Structure formats: C-alpha cells, structure tokens
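Labels below follow one simple rule: chain letters A, B, ... track the order of the sequence lines, proteins then strands, and each chain is numbered from 1. As a basis for the values below, the full set of heavy atoms in this structure was taken, side chains included, without hydrogen atoms, waters or symmetry mates. Computed from a predicted model, the values in this text were never measured in an experiment.
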There are 2 protein chains.
Amino acid sequence: MSISGEKQEKTGLSLDTLFELSEFFKFFGDTTRIRIIEILLSGEISVNEIAEKLNLGQSAVSHQLRILRTAGLVKPRRVGRTVFYALDDEHIGLIFNTGLAHILHKKGE
Amino acid sequence: MSISGEKQEKTGLSLDTLFELSEFFKFFGDTTRIRIIEILLSGEISVNEIAEKLNLGQSAVSHQLRILRTAGLVKPRRVGRTVFYALDDEHIGLIFNTGLAHILHKKGE
DNA sequence: ACAAAATATGAACACATGTTCATATATAGA
DNA sequence: TCTATATATGAACATGTGTTCATATTTTGT
C-alpha cells in the first residue's frame, strides 16, 4: 500500500526542515556576505580588514557579521580590541565551492 | 614573490563571479522555491499539481517557476495545455542535498 | 469559431532586507 | 580616569521580493 499507491509519496522532509534549508541558503544569497565568506576561506581576519578589502563601511560589515555569527557560520575571537572572524563550520566552504562549480560549469557551455 | 609576499593574496574570484554566486544561492533562499525544488527532485510534475501540493495559488507558483526557469534551474515541457516542469541541471540536487546535510548535521549536535 | 481548462503575466501591495548615520560598548595606553 | 581605537547596535530610509488579483495567452474539444 506504500509502494503501489496511486500517487508517488514525497521525500518526507518536513515543512520546518525545508524552511530552515531556505533560511540557510539565504545567508549565501547576498553579495556582501558571499564576499565575506570568500575572504574567510583564506583564514581568520579582523572586521576592519574585511571592511577595507570590501571597500564598505565598518557598520555594514559588522551587521553582516552579526547575521553570520548568529547563524553559526562564523566565529569571533577577541584579541585586545580587535575581533577576528573565522568560518565556524567545515561545510561552509563545501557549499560555497559546490555553488561556484555550478556557475563556472554553466559559463563553460 | 608570490608565496613569500607580506600579505596573503586572495582566491582570485572576480566581483562578477561572486555576485553571480550570491544570485545563484538566492534561488534556494525562498521557502516556496525550495519546496518546488524538493518536489521536482522526485521528477517531472505539472504547475497545478505543484500548486496543490504546496497549497498555494497557481499564480504564485507560476511566478516562482518563471524565476527558476529564467535562471535555468528548471525546464518546461508542454503536453497539450499542461506544462510539466523538471530540474534542468544535475547540480541542483547536489546543492540541495549539501545544504540539507549541513542543517541536519547541525541538528544532531 | 466558441467555451473551457491550464498556464503566464502585469500591477499593486505588504513585507523583508541591506546600508547609512549616529551612538553605544569594550579595551588599551597614558 | 581620560582618550583613542575597534567593534557593535539601534533607528531610519531606500530598495528588493513574494503574493494576490485580474487578465491575457495557449490549447483542446465541440
């Protein structure tokens, strides 16, 4: 009755899970955040250095870092008055690179 | 002079590429689109069937399908007056599952 | 050709989101 | 304690985005 049913059953992911998944991808869906993530792929770096590299205001960067920090994608380490940020999760680089591989692949067609 | 430089060089991704990457992830950053993608992982399906499964209006679904279609993530096939949609790119499932693995991993901590 | 069914699309509206500006907090040094 | 530096945060503002409603388009059957 499960396999021979008249309609194909769904994968079984809950609405909550799918919502969380879309919320997760949202973090990658902003140019500033993606650029921050790319920088962090090279290692730990301070807020001001990020702002300089991105040519953005310190406030804008700090706001985005808070979003990434709250989401657990990024982890702060305080040294004196400067705060260094690093990627908190090994998967972040994987997802970044998977997406990157996709668009590079698309370009090469 | 490249390896022993005083500052670490960047990965070398252009602003354009990083912008495209964030735009790409944006497609996954919406609950409705993620749910559509999940449904399409099970195979081709018509617009109305998607709307029924999602309990959403036909218009809302059609609008989202247009976004996914324009982005090349989804491909239409017309049969009579009904249009069946399917994932156009093999990578879509990979990215979906990579993100899914991440949040499921996070939950299990 | 006409009516019905399936899908697409434009406009309007509500809501989310990112940046800026001003200011607060925290830490180091004198 | 006072000042300077680094970062964080709240409010305001502008822009982007998704849904709804109405309507257009496409195709089938009569």
Could you state the CZ-C1' distance from Phe28(B) to dG18(D), rounded to the nearest angstrom?
18 Å
Kindly say if Lys26(A) contacts the phosphate of dA16(C), meaning a side-chain N or O under 4.0 Å from OP1 or OP2.
no
Tell whether Gln58(A) reaches the base of dA8(D) with its side chain through a donor-acceptor pair below 3.5 angstrom.
yes
Can you see if the side chain of Asn48(A) gets near the phosphate of dT7(D) - specifically, an N or O under 4.0 Å from OP1 or OP2?
yes
For the residue pair Phe25(B) and Phe25(A), does the interplanar ring angle fall in the parallel (under 30°), tilted (30 to 60°) or perpendicular (over 60°) class?
parallel
Answer with base, sugar-phosphate or nothing: what part of the nucleic acid does Thr82(A) contact at a heavy-atom distance below 4.0 Å?
sugar-phosphate
May I ask you to say what Tyr85(B) touches in the nucleic acid, namely base, sugar-phosphate or nothing, with a heavy-atom cut-off under 4.0 Å?
sugar-phosphate
Nearest-Å distance, CZ (Phe25(B)) to C1' (dG16(D))?
20 Å
I want to verify a distance call: between dT27(D), dA8(C), dG18(D), whose nearest atom is closest to the Asp30(B) side chain?
dG18(D)
What do you reckon, do His63(A) and the base of dT19(C) stack, with centroid distance below 5.5 Å and planes below 30°?
no
Using only side-chain N and O atoms of Thr32(B), determine if any of them is under 4.0 Å from OP1 or OP2 of dT19(D).
yes
Checking all strands, does Ser59(B) fall into the base, sugar-phosphate, or nothing category for heavy-atom contacts under 4.0 angstrom?
base
Could you point out which residue of Thr32(B), Ile34(B), Ile37(B) forms a side-chain contact (heavy atoms from CB on, under 4.5 Å) with Ser22(A)?
Ile34(B)
Classify the ring geometry of His105(B) against His91(A): parallel below 30°, tilted from 30° to 60°, perpendicular beyond 60°.
tilted
For dT17(C), does OP1 or OP2 lie under 4.0 Å from any side-chain N or O of Gln64(A)?
no
Looking only at the side chain of Arg33(A) (C-beta and beyond, no hydrogens), which of the listed nucleotides dT7(D), dG18(C), dA8(C) gets closest?
dG18(C)
Lys26(A) with Glu23(A): basic N within carboxylate O range, under 4.0 Å
yes
Looking only at the side chain of Arg81(B) (C-beta and beyond, no hydrogens), which of the listed nucleotides dT20(D), dA5(C), dG18(D) gets closest?
dA5(C)
Between Leu65(A) (CG) and dA8(D) (P), how many Å, whole number?
7 Å
